[in-house]
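Everything below concerns the one structure shown next.
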Number of protein chains: 2
Amino acid sequence: MDSDSPLKDERRLHILDAATELLATKPTASLAEIATHARIGKATLHRYFPTREALLIELAYRALNLVSEVIQTCRLDQDPAPVALARLAEALVPHGDKWYFLLNEHFWDVNPDLAQAEETVQAPILALIERGQAEGTLRRDISATWIIYLLDFTMFAAWQAIFDGSIARRDAPRLMIEGLLGGIAVKR
Amino acid sequence: MDSDSPLKDERRLHILDAATELLATKPTASLAEIATHARIGKATLHRYFPTREALLIELAYRALNLVSEVIQTCRLDQDPAPVALARLAEALVPHGDKWYFLLNEHFWDVNPDLAQAEETVQAPILALIERGQAEGTLRRDISATWIIYLLDFTMFAAWQAIFDGSIARRDAPRLMIEGLLGGIAVKR
DNA sequence: CTAAAATGAGATAAAATAGTCTCATATTAG
DNA sequence: CTAATATGAGACTATTTTATCTCATTTTAG
């Protein structure tokens, strides 16, 4: 919660990031594996996070705050919706693992607050999409809810493809937006 | 491996399906949870699958065979590519959990054969997409590899949205194909 | 440089999970 | 109906994982 020193705080975040990175691709990873992946001893891991559950919850909040912050930076209420979406993609891709982790791990049973928080953090995106539909840049015959799913999972696709080495990180945002906005069919 | 009787075989498949269903949304589920979810005793679970690893591997093969069979039924080499893609979506959505499980669980380290098999099963889809690009119905400026990612993850999006209750199962294939082929932007 | 604090490696205890076994009940085959 | 087989509940053991603790070494603060 509160930090004793900036150094410890930095270390905390490093551990959280490393843990997210691993857990996003291997949800069954043990604490020993997490510690190794973060290049620290398991004792130290326990010093920062007393239990596995505590780690997971802080992980979720870390992801939540980071993603929330990124979204706010994007100024989604400015420019036509497709342009704002491109900005969002650009900014969010580097944090794909956290976004993925946040939406796929189910802690709503262990911590109901988080479920609510997840929706809150998505709210600006939903607003953006509805704005796009209102201004006529996004299709109205597809529900905003489903568009959010498409956006999220296109992002996961990009992140996974980067992980697999199938696409370059710097190409990801463009590929995402091209495919999402324009579709894969040839226009006639 | 081989079946003693048709009845036991049926039971086997039921267990595998139930396990997939659970593990797709909760990869950390214990064997006891899996047994409960399949509505059998844990002893019986062990009678059919001696170890957790054995269960996982058979799960993968089950998913592989089923999906492979579905893909073959779709006759992806017929009709224009978009039409064939729609057929594929229609046929694959009901097995979304297996498809998801197959592509997300990483058993390539425990069983390298499966990694190869995964690519083999995707081959007809890749061929379809390349055919579409050749015949001019699918965009050539997006790589076939990336299109496969988009297809897969759009499918996962549909499956997740169904699971969340955000969309109706019978609408899923149409939503998938609309979004994937046409994109979410308004054409001008 | 020195003292205080933090860390890692590993021993150890506690808890959870995997896997085995028994036996009474249920199901199936014939 | 009867015998053989399969099942579930739960006791039980083995193994893995989580969590605690110690202590020599490293890092940090001053």
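Just so it is clear, the model here is predicted, and its values are computed rather than measured. Here is the naming used below: chain letters follow the sequence lines, and residue numbers restart at 1 for every chain.
Distance from the side chain of A/Tyr48 is smallest to C/dT7 among C/dT7, D/dT7, C/dG10. Each of C/dA18, D/dG8, D/dA19 was ranked by its minimum atom distance to the side chain of B/His46; first place goes to C/dA18. The side chain of A/Arg52 approaches D/dT18 more closely than any other nucleotide in the set C/dA18, D/dT18, C/dC21. Of the candidate nucleotides D/dT20, D/dC23, C/dT22, C/dT22 has the atom lying nearest to any side-chain atom of B/Arg47. Counting only heavy atoms from C-beta on, B/Ala43 has its side chain closest to D/dG10 among D/dG10, D/dC21, C/dG19. Comparing C/dA18, D/dA19, D/dT7 against the side chain of B/Leu31 picks out C/dA18 as the nearest.
The aromatic rings of B/Phe153 and A/Phe153 are tilted relative to each other, their planes meeting at an angle between 30° and 60°.
Computed from coordinates, the A/His14 NE2 to C/dA6 P distance equals 18 Å when rounded to whole Å. Here the P atom of nucleotide C/dT25 and the CD1 atom of B/Ile40 are 22 Å apart, to the nearest Å. One atom, CD of B/Glu10, and another, P of D/dA6, lie 16 Å apart when rounded to the nearest Å. As a whole-Å value, the separation of B/Glu33 CD from C/dA16 P is 13 Å. Atom NZ in A/Lys42 sits about 12 Å away from atom C1' in D/dC21, given to the nearest Å. For the pair A/Leu45 CG and D/dT18 P, the computed distance is 10 Å after rounding to whole Å. Distance CZ (A/Arg39) to C1' (C/dT7): 16 Å, rounded to an integer number of Å. Rounded to whole Å, atom C1' of C/dT27 lies 10 Å from atom CZ of B/Arg11.
Looking at A/Asn104, its side chain does come within 3.5 Å of a backbone N or O of A/Tyr100 through a donor-acceptor pair. Side-chain atoms of B/His37 come within 3.5 Å of backbone atoms of B/Ala18 as a donor-acceptor pair (strictly under, hydrogens ignored). Formation of a donor-acceptor pair under 3.5 Å by the A/Arg87 side chain with backbone atoms of A/Cys74 is found in this model. Remark: side-chain polar atoms of B/Arg131 are paired, donor with acceptor, to backbone N or O of B/Leu76 under 3.5 angstrom. No donor-acceptor distance shorter than 3.5 angstrom exists from the side chain of A/Arg139 to the backbone of A/Gln133, with no hydrogens or angles considered.
Rotation axes derived from the C1' atoms of the five outermost pairs at either end of the helix from C/dC1-D/dG30 to C/dG30-D/dC1 lie 50° apart, to the nearest 10°.
Close to D/dT7, at under 4.0 Å from its OP1 or OP2, lies no side-chain N or O of B/Thr44.
Note that CD of A/Glu178 is 13.0 Å distant from OG1 of A/Thr154, once rounded to the nearest 0.5 Å.
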